[in-house]
Asks: 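Just dropping this structure here.
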Amino acid sequence: ARGEEERQEGLIEFYDSFKEMFEFFCKNTTIHGTIRLVCSDSNRMKTAFWTLLLLASFGMLYWQFALMFSQYLAYPVVLTMSMHSEPKMFPAITICNLDPYRFELVSEHLVQLDRMAEESITFLYGINTSARLFHMNDRNIHVQGLANLSRSGFKLSQNFSLLRMSDLRSGKKHSSVGFRLCNSTGGNCFYKTYSSGMDAILEWYRFHYMNIMSQLPVIINISQHEEHIEDMVYSCQYDGEPCRPSDYVHFHHPVFGSCYTFNSKGTDPFWTATKPGIPYGLSLILRAEQKDHIPLLSTVAGVKVMIHNHNQTPFLEHEGFDIRPGIATTIGIQQDEVNRLGGNYGKCTTNGDDVDVKLLYNNSYTLQIRAWHSGAPLESFQRLRKSLSLFLPSLFPGHCFYQLYNRLRNHHLNCFDQCPKPCRESLYKVSAGTAKWPSAKSQDWVRQALRHQNGYNSTSNRKDIAKVTIFYQQLNYQAVNESPLLSENLLLSSMGSQWSLWFGSSVLSVVEMFELLVDTLVLSLLFCYQRLRAKKTLRVSPTIPS
């Protein structure tokens, strides 16, 4: 028999005092250093030293925990890049001929605008351009069911004209070309000056052109006047095979003219790219006449080309590039994919359904497809005029449009806060090379072949055809993925590492500390109960007579 029985540990310890409970914890816990508090109780200096050391360790531990949680709640991300190599779908390709229609509905006002432009250029530079720039007898597209615009009471503003004016913003004395646009009462004026008169004329003409075209319906059925693709595309081949009628869709852009989009949906296996290189890309021979029906809309001759994602509205004013006539252009593309986390890690949207902004087009979501984006000025202008006519019919919509556009350009509309980035998007990096085509020795037989096969007829010595080849440089693509910098697992792992660093213990030590807290709470309640019971006993006990 032992001289002193060892104390048996029960489910809940009923210690005689807090000192006994604390000594039992220090002797049996797995936390390093606590036993020194008991072993050194005879030396108060050592006890105080180890007490301060443990408290400092606790302080450092929870300071590190606070830093970890603050970093975790900031939801930082890290970008990881990976390379993939597999067959993939060819991107959508949009081409435009820079030859917009003149609709009969607005033809009278377009003629009037040409005359105003002629007068303005004569006033500014003393040059008569009527015989060289403007074409009054070009084709007009008639749309059935719509009355002529002159019957609707619409009039071009005669007060919005080009002027030579001082640079009001910089205070310089020399004059520049610009315009002043005010509201219907002559107040709240918008000033715009240009150092180049050419830029001022183009902007002034485009403003009036948009004001005229905004009278047309947003959607116009021009199927009866739709051009055949052979009028613009003399030859089309993809992966060595001729293109089919189902491979393209036609639409009309008010500024860039007749446009065709190849592989717009991206669902046809015909457009699956299995090999990189020029022979396996899209090869086009295009008609690129230098005859502009509306020359002040664009001073560029050639073809507009844009490479974009499937089911995406091409914003040709802000993206794409021009193909020069008489040139063979080879365009190599390299695809990158970006995947964003969204949620707490950043604002992004999957398909735009959660964005509280009305979209102009029923296509896949992009930042530019929101309702008031400057990439679609004509559509915005039409909707603006329609909205204003409901409650302010006398207000000049062009003034409001420019004020709105100016606020957008100066980042006062918070459009990017309302319209987040897509959570998943494909980006195309482009590299191009050019060469003279056809060459001097081959141009005769090339033109003869086009003449017999496509009815090509050139009436001038100017270059009016172009060749473009678009191909994947390589099929491997780079994927950029966002991942949490500090996930839940990493957070717990880091906390465990800090706990081991400062106390050399594990998660079971945390359970021991929790057990100590429970025992402290139970022991406190028991002591309180004993005191209350003792007081009650003293009150009810009889008084002993002397």
Asks: Find out whether C96 and L316 are in side-chain contact, i.e. whether some heavy atom of one side chain is under 4.5 Å from a heavy atom of the other.
Replies: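 They are in contact (side-chain heavy atoms under 4.5 Å apart), so the answer is yes.
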Asks: Nearest 0.5 Å please: distance from the CD atom of E118 over to the OG1 atom of T122.
Replies: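 So the CD of E118 and the OG1 of T122 are separated by 5.5 Å.
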Asks: Under the side-chain contact (heavy atoms from CB on, under 4.5 Å) rule, what do K467 and S283 come out as? Steps first, then yes or no, please.
Replies: CA-CA 8 Å; K467 183 177 182 180; S283 179; 3.9 Å; yes
Asks: Passes side-chain contact (heavy atoms from CB on, under 4.5 Å), Y209 versus L110? Steps please.
Replies: CA-CA 7 Å; Y209 178 78; L110 289 178; 3.8 Å; yes
Asks: Hey, does I333 have a side-chain heavy atom less than 4.5 Å from the side chain of Y472?
Replies: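 Y472 reaches I333 side chain to side chain.
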Asks: Among all residues two or more places apart in sequence or in another chain, which pass the side-chain contact (heavy atoms from CB on, under 4.5 Å) test with K265?
Replies: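 Scan of K265 (side-chain contact (heavy atoms from CB on, under 4.5 Å), adjacent residues dropped) gives T267, N311.
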Asks: Please name all residues satisfying ring-ring contact (aromatic ring centres under 6.0 Å, His included) with Y428, sequence neighbours left out, ordered by chain then number.
Replies: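 So Y428 forms no ring-ring contact (aromatic ring centres under 6.0 Å, His included) with any residue.
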Asks: Ignoring hydrogens, what is the shortest heavy-atom contact between F270 and E241? Give both atom names and the distance.
Replies: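 Nearest heavy atoms, F270 then E241: CE1-CB, 3.9 Å.
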Asks: Would you call L282 and Q237 a side-chain contact if the rule is heavy atoms closer than 4.5 Å?
Replies: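 Counting from C-beta outward, L282 and Q237 never come under 4.5 Å.
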Asks: Apply side-chain contact (heavy atoms from CB on, under 4.5 Å) to residues V303 and D322 and explain how you reach the verdict.
Replies: CA-CA 6 Å; V303 177; D322 298 314; over 6 Å; no
Asks: V249 and F262: side-chain contact (heavy atoms from CB on, under 4.5 Å), yes or no, with the steps?
Replies: CA-CA 7 Å; V249 293; F262 295 86; over 6 Å; no
Asks: If we count only N and O atoms by modelled type, under 3.5 Å, do the side chains of S82 and Q478 hold a donor and an acceptor together?
Replies: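 Side chains of S82 and Q478: no pair found under 3.5 Å.
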Asks: Listed by chain and number, what are the salt bridge (charged side-chain N to carboxylate O under 4.0 Å, His left out) partners of E337, not counting sequence neighbours?
Replies: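 Checked E337 against salt bridge (charged side-chain N to carboxylate O under 4.0 Å, His left out); matches are R424.
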Asks: Side-chain contact test, heavy atoms from C-beta onward, threshold under 4.5 Å: evaluate it for L79 versus E482 and give yes or no.
Replies: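 Heavy-atom side-chain distance check passes, below 4.5 Å.
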Asks: Heavy-atom distance under 4.5 Å between the side chains of I465 and P438, does that happen here?
Replies: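 With C-beta onward as the side chain, the pair touches.
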Asks: Show me the pairs that pass salt bridge (charged side-chain N to carboxylate O under 4.0 Å, His left out) and involve residues 427-440, at least two apart or across chains.
Replies: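 Non-adjacent pairs meeting salt bridge (charged side-chain N to carboxylate O under 4.0 Å, His left out): D336-K429.
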Asks: With sequence neighbours left out, what residues match F256 under ring-ring contact (aromatic ring centres under 6.0 Å, His included)?
Replies: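 F256 satisfies ring-ring contact (aromatic ring centres under 6.0 Å, His included) with H253 once adjacent residues are dropped.
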Asks: Supply the atom-to-atom distance D444 CG to Q448 CD, rounded to the nearest 0.5 angstrom.
Replies: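 Rounded to the nearest 0.5 Å, the CG-CD separation comes out at 7.5 Å.
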Asks: Can you give me the closest heavy-atom contact between Q473 and S431, atom names plus distance?
Replies: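 Taking every non-hydrogen atom into account, NE2-OG, 2.7 Å.
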Asks: Can you tell me how far CD1 of I121 sits from CE of M198, rounded to the nearest 0.5 angstrom?
Replies: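 Here the interatomic distance stands at 11.5 Å.
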Asks: Which pair of heavy atoms, one from L202 and one from L296, lies closest together, and at what distance?
Replies: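 In this case the closest contact between L202 and L296 is CD2-O, 2.9 Å.
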Asks: Taking side-chain contact (heavy atoms from CB on, under 4.5 Å) as the criterion, tell me which of V77, V78, N339 meets it with S483.
Replies: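 The residue from V77, V78, N339 that satisfies side-chain contact (heavy atoms from CB on, under 4.5 Å) with S483 turns out to be V78.
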Asks: Enumerate the residue pairs fulfilling salt bridge (charged side-chain N to carboxylate O under 4.0 Å, His left out) with a member in residues 247-264, sequence neighbours excluded, ordered by first and then second residue.
Replies: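 Qualifying pairs: R244-D247.
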Asks: Do you know which two heavy atoms are closest between Y205 and A117, and how far apart they sit?
Replies: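 What the structure gives for the nearest pair is CD1-CB, 4.0 Å.
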Asks: For Y477, give me all partners under ring-ring contact (aromatic ring centres under 6.0 Å, His included), at least two apart in sequence or on another chain.
Replies: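 By the ring-ring contact (aromatic ring centres under 6.0 Å, His included) rule, Y477 matches H84.
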Asks: To the nearest 0.5 Å, what is the distance between CG on D239 and OG1 on T274?
Replies: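 Interatomic distance, D239 CG to T274 OG1, rounded to 0.5 Å: 5.5 Å.
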Asks: With T349, which residues qualify under side-chain hydrogen bond (donor to acceptor under 3.5 Å, both in side chains), at least two apart?
Replies: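 With sequence neighbours excluded, T349 shows a side-chain hydrogen bond (donor to acceptor under 3.5 Å, both in side chains) to D354, given in chain and number order.
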Asks: Quick check: closest heavy atoms across P325 and A301, and the distance to 0.1 Å?
Replies: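 Minimum heavy-atom contact is CD-O, 3.4 Å.
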Asks: So how far is it from N309 CG to L427 CG, rounded to the nearest 0.5 Å?
Replies: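 These two atoms lie 7.5 Å from each other.
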Asks: Suppose the criterion is disulfide (SG to SG under 2.5 Å): which pairs have a residue in residues 295-332, not counting sequence neighbours?
Replies: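 Non-adjacent pairs meeting disulfide (SG to SG under 2.5 Å): zero.
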Asks: Could you go through residues 87-94 and list every donor-acceptor pair under 3.5 Å that involves a side-chain atom there, pairing it with any protein atom two or more places apart or in another chain?
Replies:
residue, atom, partner, partner atom, Å
K88, NZ, Q335, OE1, 3.4
K88, NZ, L475, O, 3.3
T94, OG1, T261, OG1, 2.8
T94, OG1, H308, NE2, 2.7

Asks: Which residues pass the ring-ring contact (aromatic ring centres under 6.0 Å, His included) test with F321, sequence neighbours left out?
Replies: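 Scan of F321 (ring-ring contact (aromatic ring centres under 6.0 Å, His included), adjacent residues dropped) gives none.
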Asks: Does either side chain, that of S258 or that of H250, offer a donor lying less than 3.5 Å from an acceptor on the other one?
Replies: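 There is such a pair (donor and acceptor under 3.5 Å, judged by atom type) between the side chains of S258 and H250.
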Asks: Do V255 and E317 touch side chain to side chain, with heavy atoms closer than 4.5 Å?
Replies: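 Contact flag for V255/E317 side chains = yes.
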Asks: Rounded to the nearest 0.5 Å, how far apart are OG1 of T329 and CG of L286?
Replies: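 That separation rounds to 9.5 Å.
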Asks: State, to 0.1 Å, how close M83 and N476 come at their nearest heavy-atom pair, and which atoms those are.
Replies: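 Here M83 and N476 meet closest at CE-ND2, 3.8 Å.
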Asks: With sequence neighbours left out, write down each residue that passes salt bridge (charged side-chain N to carboxylate O under 4.0 Å, His left out) with E425, or none if nothing qualifies.
Replies: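 Scan of E425 (salt bridge (charged side-chain N to carboxylate O under 4.0 Å, His left out), adjacent residues dropped) gives R340.
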Asks: Does any non-hydrogen side-chain atom of T469 lie less than 4.5 Å from one of I331?
Replies: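 Heavy-atom side-chain distance check fails, nothing below 4.5 Å.
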Asks: Within a strict 4.5 Å, meaning less than it, do heavy atoms of the I95 and V233 side chains meet?
Replies: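 They are in contact (side-chain heavy atoms under 4.5 Å apart), so the answer is yes.
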